[in-house]
Trainee: 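I have a structure I would like to understand better, so I am pasting it below and will then ask my questions one at a time.
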Amino acid sequence: MTPPEFLRFLHTEQKETFMSLEDATALIQTFISEKGATPVFTPTSFSNYVLSQNNDVCNPSVVDAAQDMNQPLTSYFINSSHNTYLEGNQLSGTSSTDMYIQVLKSGCQSGCRCIELDLWDGDDGIPRILHGHTLTSKITLNDVVWAISVYGFYASEFPLILSLENHLSHGQQTYMAQCFINHLSAYLPKSKPSGDVLPSPNELKNKILLKGTMEVVEKGDKKEKEKKVKIVPELAELIYLKSVPFPGLHCGRHSPDEMCSFSELKLNEFQKCSVEFVRFNQQFLTRIYPKGTRFDSTNYDPTSWWALGSHMVALNFQTGDKHLWTNAGKFRLNGGCGMVLKPPSLFSKPLDLLTWSGTLPDNKVSTLRVQVLSARQLPKPKREGLSKGKGLLYNLVKTPPINPYVEMLIMGLPCDYQRGRTKRIANNGFNPTWNETFLFTLKASVMATLVISVWNDDSIGKTPVAQYSLPVDAIRPGYRFVDLNTVDGIGRDLSMCNLLCKFEVQ
């Protein structure tokens with residue numbers, strides 16, 4: 001393929017009309033092995049281009065575009081983790097400092113800006129972090145504060161919110177306050193919020209904001225009931241965001257540094273007054289958390305809460321599922337910094353997006369056509385106990401080839417939710433070919449995420465083996481490769497594992 005032929009391909013198929021002949025020639029030269037040779041694509045060098053970052057499905061000019069970070073903090077969606085310390089289930093799972101490091105540092109969830117600490121008295125006077133009244137293991141506050149001090153701003157310079165679930169006695173509250181001062185003082189704001197709105201992310205760069213209640217429940221003896229008592233002054237001085245009971249949608253004004261938390265079960269209640277709740281979220285922060293019966297650490301759908309304008313939609317990052325993958329796609333925007341500016345439809349004159357059936361004024365993509373062509377080097381699903389006492393070579397030989405199929409989901413407003421699935425390819429995870437096309441119509445692409453997942457369908461059941469997600473507005477048209485990630489909560493890159501698709505965007 002000569003430079004003029006390649007330029008024609010870029011213009012007609014890839015819709016990269018901004019490319020010149022000089023650009024096309026220079027791009028070819030980066031993929032040919034002999035420098036100084038005539039710039040012509042061979043089948044091998046063209047394949048290398050197709051599978052390179054130059055041809056990634058995710059448009060860097062969209063996801064890396066710097067958004068306006070000078071609006072009040074209430075103007076942003078904030079990537080948030082629930083019970084960050086847990087590696088597994090909510091009843092007997094392992095608590096780990098490493099989970100804080102992973103959530104803050106690496107994977108497709110990088111940029112998380114709200115993490116949770118459940119704090120309980122330690123027998124040695126040092127607070128412990130665990131899921132109270134369960135059999136989960138314990139880690140020390142000291143270890144977690146160290147991890148935060150080292151990795152808190154590894155992936156993002158914007159403020160990190162510590163959501164404190166405080167069950168500590170006064171003595172250990174004092175210990176915690178001093179621990180924060182000793183190790184995080186450089187990151188703690190020097191003053192509390194003032195005025196009618198919260199500061200902007202730019203004003204709070206490299207700051208750690210402590211969120212917590214100003215009261216704790218103190219246990220009484222056998223004759224006395226539990227009672228609420230104020231937290232110690234040393235800790236109260238450090239709290240930047242005050243957790244308060246929900247005052248109602250028509251309570252009048254309260255301080256912008258006061259925020260409310262809601263269980264996912266409140267969704268039906270707020271759906272009935274969605275516009276009023278969106279207005280509430282314009283002024284005050286809200287955090288959503290999973291219902292208490294999600295013992296296996298599954299996740300709920302965050303998209304409905306985003307449509308209501310809620311800021312911190314906290315998910316269980318240890319569990320990879322379509323809802324966490326949706327969250328990962330959402331927060332690819334704004335350079336993966338963990339904060340995404342809300343769309344115009346959630347600002348001055350909010351709309352009832354949960355019942356919306358028209359086309360949003362800021363809709364950019366009305367139709368998305370995806371032709372799923374092929375994949376390469378798909379991983380085999382992990383089987384519990386499969387490798388016990390056996391080496392890697394044994395398992396590679398003994399584990400049967402997978403039977404892959406591809407599922408595509410549009411996750412966004414209810415009016416845009418759609419699903420497509422390819423046929424199952426038997427016994428081929430190395431280079432399966434589908435050549436199937438799916439058409440999606442959208443009315444609110446600004447709120448939509450495309451979730452792509454590859455599944456194995458065998459006698460044991462259907463198991464996800466790889467996934468990738470991105471905002472619909474960030475999809476590049478043309479023949480693009482999709483670099484697949486692991487299906488766990490961290491979403492690590494799978495080396496040499498990708499999907500080839502053709503995307504048409506209108």
Side-chain angles (χ1 to χ4, degrees), residues 69-81 84-85 97-106 109-119 126-127 129 139-166 168 172-195 197-214 231-243 256-259 285 287 311-312 314 317 331 334-339:
M69 302 304 284
N70 294 310
Q71 302 301 313
L73 202 57
T74 48
S75 301
Y76 301 86
F77 298 122
I78 301 172
N79 197 2
S80 303
S81 163
T84 311
Y85 49 89
T97 303
D98 188 56
M99 280 301 297
Y100 286 95
I101 296 173
Q102 291 186 46
V103 165
L104 290 170
K105 179 183 176 183
S106 62
Q109 302 297 343
S110 64
C112 181
R113 294 290 85 196
C114 179
I115 56 178
E116 186 172 12
L117 290 72
D118 282 359
L119 298 142
I126 300 175
I129 293 176
I139 52 178
T140 68
L141 172 67
N142 296 348
D143 289 343
V144 172
V145 169
W146 168 83
I148 292 168
S149 70
V150 175
Y151 297 102
F153 298 97
Y154 184 94
S156 175
E157 62 184 349
F158 292 110
L160 174 64
I161 299 169
L162 307 189
S163 182
L164 308 179
E165 291 295 322
N166 182 5
L168 299 174
Q172 297 201 26
Q173 286 181 40
T174 302
Y175 182 100
M176 176 170 65
Q178 195 58 51
C179 184
F180 288 147
I181 292 171
N182 290 345
H183 300 286
L184 303 177
S185 59
Y187 305 111
L188 298 175
K190 303 304 180 185
S191 60
K192 299 291 184 73
S194 60
V197 297
L198 288 170
S200 70
N202 268 340
E203 293 174 301
L204 294 169
K205 275 184 180 178
N206 297 304
K207 294 300 180 185
I208 291 177
L209 314 181
L210 301 185
K211 165 197 166 291
T213 180
M214 303 305 285
I231 63 174
V232 297
E234 298 92 331
L235 181 58
E237 277 298 309
L238 303 179
I239 297 297
Y240 191 86
L241 298 171
K242 302 171 186 174
S243 298
D257 65 346
E258 295 178 343
M259 61 171 293
L285 292 174
R287 177 179 179 270
H311 313 84
M312 304 173 216
F317 276 33
F331 287 101
N334 205 16
C337 74
M339 292 189 173

Trainee: I'd like to know if the side chain of Tyr76 and the backbone of Pro201 have a donor-acceptor N/O pair within less than 3.5 Å.
Mentor: no

Trainee: Could you check Leu117, Leu241, Val145 and say which one makes a side-chain contact (heavy atoms from CB on, under 4.5 Å) with Leu162?
Mentor: Leu117

Trainee: Quick one: pull up OG in Ser156 and CG in Asn334 and give me the separation to the nearest 0.5 Å.
Mentor: 8.5 Å

Trainee: Run the side chain to side chain contact (heavy atoms under 4.5 Å, CB included) check on Tyr175 and Val232 step by step: do they pass?
Mentor: CA-CA 10 Å; Tyr175 182 100; Val232 297; over 6 Å; no

Trainee: Within a strict 4.5 Å, meaning less than it, do heavy atoms of the Tyr85 and Ile129 side chains meet?
Mentor: yes

Trainee: Looking only at heavy atoms, what is the nearest atom pair of Gly195 and Pro256, with distance?
Mentor: O-CG, 3.5 Å

Trainee: Can you find a heavy atom in the side chain of Pro233 that is under 4.5 Å from one in the side chain of Glu237?
Mentor: no

Trainee: Are Met69 and Phe158 packed together at the side-chain level, in the sense that at least one heavy-atom pair is separated by less than 4.5 angstrom?
Mentor: yes

Trainee: For the atom pair OG (Ser163) and NZ (Lys211), what is the distance rounded to the nearest 0.5 Å?
Mentor: 3.0 Å

Trainee: Salt bridge (Lys or Arg N to Asp or Glu O under 4.0 Å) with Arg113: which residues, sequence neighbours excluded?
Mentor: none

Trainee: With sequence neighbours left out, what residues match Ser185 under side-chain contact (heavy atoms from CB on, under 4.5 Å)?
Mentor: none

Trainee: Using the side-chain contact (heavy atoms from CB on, under 4.5 Å) criterion, which residues pair with Pro72? Sequence neighbours excluded.
Mentor: Thr74, Ser75, Val197

Trainee: Would you say that Gln173 contacts Glu234 through its side chain, given a criterion of any heavy-atom pair below 4.5 Å between the two side chains?
Mentor: no

Trainee: Salt bridge (charged side-chain N to carboxylate O under 4.0 Å, His left out): which pairs involve residues 148-161, sequence neighbours left out?
Mentor: Glu157-Lys205

Trainee: Could I get the full list of side-chain contact (heavy atoms from CB on, under 4.5 Å) partners for Tyr187, not counting sequence neighbours?
Mentor: Phe153, Leu184, Ile208

Trainee: Could you check Met214 against Glu258 for side chain to side chain contact (heavy atoms under 4.5 Å, CB included), going step by step and ending with a plain yes or no?
Mentor: CA-CA 11 Å; Met214 303 305 285; Glu258 295 178 343; over 6 Å; no

Trainee: Start with the C-alpha gap between Arg287 and His311, add the side-chain angles, then the distance that decides, and say whether side chain to side chain contact (heavy atoms under 4.5 Å, CB included) holds.
Mentor: CA-CA 6 Å; Arg287 177 179 179 270; His311 313 84; over 6 Å; no

Trainee: Applying side chain to side chain contact (heavy atoms under 4.5 Å, CB included), run through Thr84 and Val144 and close with a yes or a no.
Mentor: CA-CA 11 Å; Thr84 311; Val144 172; over 6 Å; no

Trainee: Which distance, rounded to the nearest 0.5 Å, do you find between the CE of Met99 and the OG of Ser81?
Mentor: 6.5 Å

Trainee: Can Thr213 and Lys242 be said to form a side chain to side chain donor-acceptor pair (under 3.5 Å), step by step?
Mentor: CA-CA 6 Å; Thr213 180; Lys242 302 171 186 174; over 6 Å; no

Trainee: Look up atom CG in Leu210 and atom CG in Leu238, then write down how far apart they are to the nearest 0.5 Å.
Mentor: 6.0 Å

Trainee: Compare all side-chain heavy atoms of Met176 with those of Leu141 and state whether any distance is below 4.5 angstrom.
Mentor: yes

Trainee: Using the test ring pair (Phe, Tyr, Trp, His ring centres under 6.0 Å), find all partners of Tyr240 that sit at least two apart in sequence or belong to another chain.
Mentor: none

Trainee: Do the non-hydrogen side-chain atoms of Leu73 and Met339 ever get within less than 4.5 Å of each other?
Mentor: yes

Trainee: Report yes if some heavy atom in the side chain of Ile148 is under 4.5 Å from a heavy atom in the side chain of Ile115; otherwise report no.
Mentor: yes

Trainee: Ala155 and Leu104: which non-hydrogen atoms are nearest, and at how many Å?
Mentor: CB-O, 3.5 Å

Trainee: Which value, rounded to the nearest 0.5 Å, describes the distance between Leu235 atom CG and Gln172 atom CD?
Mentor: 12.5 Å

Trainee: Quick check: do Phe331 and Ile78 have side-chain heavy atoms less than 4.5 Å from each other?
Mentor: no

Trainee: If I take atom SG from residue Cys112 and atom OH from residue Tyr100, how far apart are they, to the nearest 0.5 angstrom?
Mentor: 10.5 Å

